[in-house]
Amino acid sequence: MSNSVIVISDEKFETEVLQAEQPVLAYFWAPWCGPCKLVSPSIDWIAAHYSDRLKVVKMEIDPNPATVKQYKVEGVPAIMLFKNSELVMSYEGAITKQKLTVLLEANL
């Protein structure tokens with residue numbers, strides 16, 4: 001399994017996230033978002049250190065309005081954890097690597 005973040009679009013959300021065999025952490029971001037720049041290194045770290053238990057995808061919100069609307073992403077950065085095609089955890093706003101790790105451990 002890869003230890004890098006997979007960039008996806010609306011078209012790939014179904015296959016990469018909802019049909020995935022392992023849990024998926026979806027990271028919603030925007031290039032104009034200051035807090036996203038702070039959170040992105042933590043997302044990369046999670047992808048590298050949890051690659052045996054988790055798939056990590058990232059989606060830019062502006063070119064992908066369908067998924068953003070479907071999952072009611074109102075602010076970025078936003079992080080959602082999916083297991084067996086179900087949303088099991090959601091968090092919006094800047095988050096530290098430590099807090100993100102605690103959230104993942106509680107839900108994996």
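Only this structure's heavy atoms are used, side chains among them; waters, hydrogens and symmetry mates stay out.
- Here Glu105 pairs with Arg53 under the salt bridge (Lys or Arg N to Asp or Glu O under 4.0 Å) rule; sequence neighbours left out.
- Every pair tested for disulfide (SG to SG under 2.5 Å) that includes a residue from residues 57-108 fails, sequence neighbours excluded, so the list is empty.
- Interatomic distance, Tyr91 OH to Leu81 CG, rounded to the nearest 0.5 Å: 15.0 Å.
- Residues Leu54 and Gln22 fail the side-chain proximity criterion, which asks for heavy atoms closer than 4.5 Å.
- Grouping the Ile, Leu, Val, Met, Phe, Trp and Tyr side chains by contacts below 4.5 angstrom, directly or via other members, places Leu87 with Val76.
- Cluster annotation: Trp29 is not connected to Val7 through the hydrophobic network of ILVMFWY side chains, with a link wherever side-chain heavy atoms come within less than 4.5 Å.
- Transitive grouping of hydrophobic side chains (ILVMFWY, heavy atoms separated by less than 4.5 Å) brings Val88 and Tyr50 into a common cluster.
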* To do: Begin from the C-alpha positions of Glu11 and Ser9 and carry the test side chain to side chain donor-acceptor pair (under 3.5 Å) through to its verdict.
  => CA-CA 5 Å; Glu11 295 76 26; Ser9 60; 2.9 Å; yes
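- Note that NZ of Lys97 and CG of Leu38 are 13.5 Å apart. Values are rounded to the nearest 0.5 Å.
- Contact between Ile95 and Val39 at its shortest, heavy atoms only, is N-CG2, 3.7 Å.
- For Lys12 (side chain) and Val17 (main-chain N/O), no donor-acceptor pair under 3.5 Å exists by modelled atom type.
- Within a 6.0 Å sphere centred on NZ of Lys37, other residues, nucleotides and ligands contribute more than 12 heavy atoms.
- In this structure, the side chains of Glu74 and Val68 stay at 4.5 Å or more apart for every pair of heavy atoms.
- Ile79 CD1 to Phe28 CZ: the interatomic distance, rounded to the nearest 0.5 Å, is 10.5 Å.
- Note that NZ of Lys72 is 13.0 Å distant from OG1 of Thr67, once rounded to the nearest 0.5 Å.
- Between the CG atom of Asn84 and the CD atom of Glu21 there is a distance of 10.5 Å, given to the nearest 0.5 Å.
- Phe82 is listed as a side-chain neighbour of Leu18, based on a closest heavy-atom distance under 4.5 Å.
- A distance below 6.0 Å separates the ring centres of Phe13 and Tyr71.
- Nearest heavy-atom pair across Ile46 and Thr101 is CD1-OG1, 3.9 Å.
- Taking OH of Tyr27 as the start and CG of Leu100 as the end, the distance is 10.5 Å to the nearest 0.5 Å.
- When the side-chain contact (heavy atoms from CB on, under 4.5 Å) test is applied to Pro35, the partners found at least two apart in sequence or on another chain are Cys33, Pro77, Ala94.
- For residues 53-101, the set of pairs meeting the disulfide (SG to SG under 2.5 Å) definition, not counting sequence neighbours, is empty.
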Could you list the donor-acceptor pairs under 3.5 angstrom formed between side-chain atoms of residues 56-65 and any protein atom two or more places apart in sequence or on another chain?
residue, atom, partner, partner atom, Å
Asp62, OD2, Trp32, NE1, 2.7
Asn64, OD1, Asp10, N, 2.8
Asn64, ND2, Glu60, O, 2.8

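- For Gln19, the CD atom is densely surrounded, since the number of other residues' heavy atoms within 6.0 Å is greater than 12.
- Cluster annotation: Leu108 and Val102 are assigned to distinct hydrophobic clusters (Ile/Leu/Val/Met/Phe/Trp/Tyr, side-chain heavy-atom contacts under 4.5 Å, transitive).
- Listed by chain and residue number, nothing satisfies the side-chain hydrogen bond (donor to acceptor under 3.5 Å, both in side chains) test with Glu92 (two or more places apart in sequence, or in another chain).
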* Asked: For Glu16 and Lys55, what are the C-alpha separation, side-chain angles and deciding distance, and is it a salt bridge (Lys or Arg N to Asp or Glu O under 4.0 Å)?
  -> CA-CA 9 Å; Glu16 292 289 342; Lys55 177 172 160 179; 2.8 Å; yes
